[in-house]
Student: 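So that we are looking at the same thing, I have put the structure below in structure tokens.
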2 protein chains.
Amino acid sequence: MQKIPNMESFARVSGISRPTVSKYFHDPDSVRKSTRAKIEQALKTYDYSPNIYAINQNRRLTKTIGIVVPYLADPFFAEMARNIEQRCIDAGFSPLLFSSHGRTELETDILRSLRSLKPAGVLLAPLGRSSDRDLLESFCEDVPTVLFDANVEGVGEAFVGSDNFQSIPLMVEYLCRTGEPPCFFEMAPVNPNANKRRRAYTEAMMGLGHQPHIVHVDGDGWAFEEIGHAEGIRAIEGRRFATNTVLCSNDRLAIGLLAAAYEKGLRVGRGHGCAMRIAGHDDHPFSRFTCPSLTTVAQDYEAISDHSVEALFAVIEASEEDRQRTETLFPGTLVMRTSA
Amino acid sequence: MQKIPNMESFARVSGISRPTVSKYFHDPDSVRKSTRAKIEQALKTYDYSPNIYAINQNRRLTKTIGIVVPYLADPFFAEMARNIEQRCIDAGFSPLLFSSHGRTELETDILRSLRSLKPAGVLLAPLGRSSDRDLLESFCEDVPTVLFDANVEGVGEAFVGSDNFQSIPLMVEYLCRTGEPPCFFEMAPVNPNANKRRRAYTEAMMGLGHQPHIVHVDGDGWAFEEIGHAEGIRAIEGRRFATNTVLCSNDRLAIGLLAAAYEKGLRVGRGHGCAMRIAGHDDHPFSRFTCPSLTTVAQDYEAISDHSVEALFAVIEASEEDRQRTETLFPGTLVMRTSA
DNA sequence: CCGAAATATTTACGCGGGTAAAATTACAAT
DNA sequence: ATTGTAATTTTACCCGCGTAAATATTTCGG
């Protein structure tokens, strides 16, 4: 199949003028039927596709959409990104995926290069605490941006996430009802969610008339399992868990703690002969396959990603005026498995 | 800080001609020192960066590098991609990351749009069996491509992966030496590696004078843990494992089988009181945190990604002539944990 | 079959910057 | 100071396509 270098030549061989061909590529239905037939015939005979760079250079807003997640090696974000990507494709956009890998410099680099790509919009799950707020703000002024997963107050056109103040009490209530009230196992918070979860835990416990017990451990970065494991062992050895039930700030931490308990010979579960109960939060894709399987709260991945995308499209289509920032929180659902 | 719309204006305010500024942006050292100082001074005073689309449109080879993996929700590929991304950035390229999500159509879509991006090169971990070979071939003719993880015979400028015929025998030998000879637990192969591993297993067993036992289970797609779990339970119930030791085709399958064994009340490990031993292959990032921790063969992630990138750079810099296709296999190392 | 509105196509120009070749400059050696 | 040469800078002309305005064509009521 003969390759055609540019639209000019392609227009010539299809017997149509170049601008009409250009119209066709933007919207095949915008040209006369007979014209369209001619073009599509030519498309079968010759190998041609418009040059992406030339297309975008002279257009005010491109068809690309940036997706930025803090840590792609976390299957939670990988799944989320997958969902979002698909929605964008379905809507005729070209998604570009970036991961900050938990590093502030990378996030800023990504935003910088994203800005020069002039994307139609960006879906951003920010690092959170360690994000460069000034940069974020100025970025969001240039590019329609929807935040998801982690909120940064006042930044972006919308925020979509899950409602920690609903999900954590849900779990606390369940744990209290079925056994000893839980301690809360957390690490240094990487984003606002962690803080909210701690507060939600404390409030829920107080509400039920129990004394909250927070086991706070050190550890930086995104190697949550590692932290949960190493610090879990230390916490167990130091008898830092006041009750036999531990609610972890997230599933990955719980997976680490599960490994710690196993190593220390503690049987985890709610049956007889079990020394401890462990619960998580997020319904991580691997939580079904831990031993024992992890009782957790499922975030509504799909609702969050779907709604994020829709919110972004709404912003893109709306004019500058209606820039009413919205925050949407989805409730979690209890996933009872065998660990608690 | 005042925004400057294009290079023309920027050149004017810095008192230099546009083409010289253009040169500067390609290589700051290629202009006279005094010129560079002027430009960098202006860069501090005004806000300007060249338009990406305009830059690339008229250049034969861009500075973008495509990275394509079959399934990004698999932390193995996520880690790999992270590594590769970083190397590309360090070398002054702009990596773009894509995931086929295990679907052939998506892989072809990605390759198609990648081709029109005119990337300097592409690092591709193909789906394997379900890849569109014709498309792959024609793609590789247009774009310098290095395959990694899964090979497609004869396609691309190079292949970099791990040596299944070294790693599997390593594990088989270890398992035979320390207990009952292993069965081999596998699912329908998604790529050539799976086939190689089965053959390597069979040969290794024969070589040691043992009868190979292959437990082949059904299951499509990339939900390996799910398959390992569901089919693992059936295999255990049906007593399909001829010995108490199971070598899984990969870690994710092993994670599923581990969950199955746990549910069936079978204690896994090599100590007394253990009913079975389970080993994996890949050293998946989560394998350290399974219960019990998974004995496996570590693929040399870093070596593979590093070498892939270097191979690609070599191809990019070399001329058309020296297109000697190379295959590089890295050996695995035994990671003894507690499951076998 | 006519004429006006609605569509479709063409004309003409611009976008932002790459890059060969010409012109200028710098620098070292006479 | 002069000259030769290498390094820089300019000149000049593209690239491939978007898009407003002008023109042509179709559609359709009457």
Student: Taking A/Arg82 first and then A/Glu79, would you say they form a salt bridge - that is, a charged N and a carboxylate O separated by under 4.0 Å?
Tutor: yes
Student: Go through C/dA8, D/dC17, D/dA12 for me and flag the one nearest to the A/Ala54 side chain.
Tutor: D/dC17
Student: As a test of reading the structure: which of C/dT19, D/dT8, C/dT10 is closest to the side chain of A/Ser17, going by heavy atoms?
Tutor: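 Closest of the options to the side chain of A/Ser17: C/dT10.
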Student: Would you classify A/Pro5 as touching base, sugar-phosphate or nothing, given that sugar-phosphate means primed atoms plus P, OP1 and OP2, and contacts are heavy atoms under 4.0 Å?
Tutor: nothing
Student: Out of D/dT19, C/dT9, D/dT9, which has the shortest distance to the side chain of B/Lys23?
Tutor: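 When the side chain of B/Lys23 is considered, D/dT9 is the closest of D/dT19, C/dT9, D/dT9.
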Student: Which whole-number value in Å describes the distance from A/Glu8 CD to C/dT10 P?
Tutor: 11 Å
Student: Please report the distance, rounded to the nearest Å, between NE2 in A/His26 and C1' in D/dC17.
Tutor: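 Rounded to whole Å, this separation is 8 Å.
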Student: Is the A/Phe77 ring parallel, tilted or perpendicular to the A/Trp222 ring (thresholds 30°, 60°)?
Tutor: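 A/Phe77 and A/Trp222: perpendicular rings.
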Student: How long is the line joining CD1 of A/Ile52 and C1' of D/dC17, in whole Å?
Tutor: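 Between C1' of D/dC17 and CD1 of A/Ile52: 13 Å.
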Student: Would you kindly give the NZ-to-C1' distance between B/Lys118 and C/dG18, to the nearest whole Å?
Tutor: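 One finds 15 Å between C1' of C/dG18 and NZ of B/Lys118, rounded.
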Student: How many Å lie between CZ on B/Phe10 and P on C/dG18, as a whole number?
Tutor: 13 Å
Student: OP1 or OP2 of C/dT10 sitting under 4.0 Å from any side-chain N/O of A/Thr20?
Tutor: yes
Student: Calculate the interatomic distance between A/Ile55 atom CD1 and D/dG16 atom P; express it in whole Å.
Tutor: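 Nearest whole value for this atom pair: 13 Å.
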Student: Is it true that A/Arg103 and A/Glu107 have a side-chain N and a carboxylate O under 4.0 angstrom from each other?
Tutor: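 Here A/Arg103 does not pair with A/Glu107 in a salt bridge, since their nearest N and O are not under 4.0 Å apart.
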Student: Could you check which of C/dG17, D/dT9, D/dG16 has an atom nearest any side-chain atom of B/Asn6?
Tutor: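 Taking heavy atoms from C-beta onward, the closest nucleotide is C/dG17.
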Student: Which sits closer to the 5' end of DNA chain C, A/Lys33 or A/Pro19, going by the nucleotide each is nearest to?
Tutor: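 The residue mapped nearer the 5' terminus is A/Lys33.
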Student: From the list D/dT19, C/dG17, C/dT9, which nucleotide is the closest neighbour of the side chain of B/Tyr48?
Tutor: C/dG17
Student: Inspect the contact between B/Arg36 and B/Glu40 and indicate whether a charged nitrogen and a carboxylate oxygen are less than 4.0 angstrom apart.
Tutor: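 Salt bridge between B/Glu40 and B/Arg36, a charged N being under 4.0 Å from a carboxylate O: yes.
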Student: Quick check on D/dG18: is either OP1 or OP2 less than 4.0 Å from any side-chain nitrogen or oxygen of A/Ser22?
Tutor: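 The answer is yes; a side-chain N or O of A/Ser22 sits under 4.0 Å from OP1 or OP2.
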Student: Rounded to whole angstrom units, what separation is found between the CZ atom of A/Phe25 and the P atom of D/dG16?
Tutor: 15 Å
Student: Atom CE of B/Met7 to atom C1' of C/dT19: distance rounded to whole Å?
Tutor: 12 Å
Student: Any donor-acceptor pair, under 3.5 Å, between the side chain of B/Gln57 and the base of D/dC15, if you only look at N and O atoms?
Tutor: yes
Student: Looking only at side-chain atoms of A/Arg32, point me to the closest of D/dT25, D/dC17, C/dG18.
Tutor: D/dT25
Student: Using 4.0 Å as the upper bound for N to carboxylate O, is an ion pair formed by B/Asp142 and A/Lys3?
Tutor: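 Here A/Lys3 pairs with B/Asp142 in a salt bridge, since their nearest N and O are under 4.0 Å apart.
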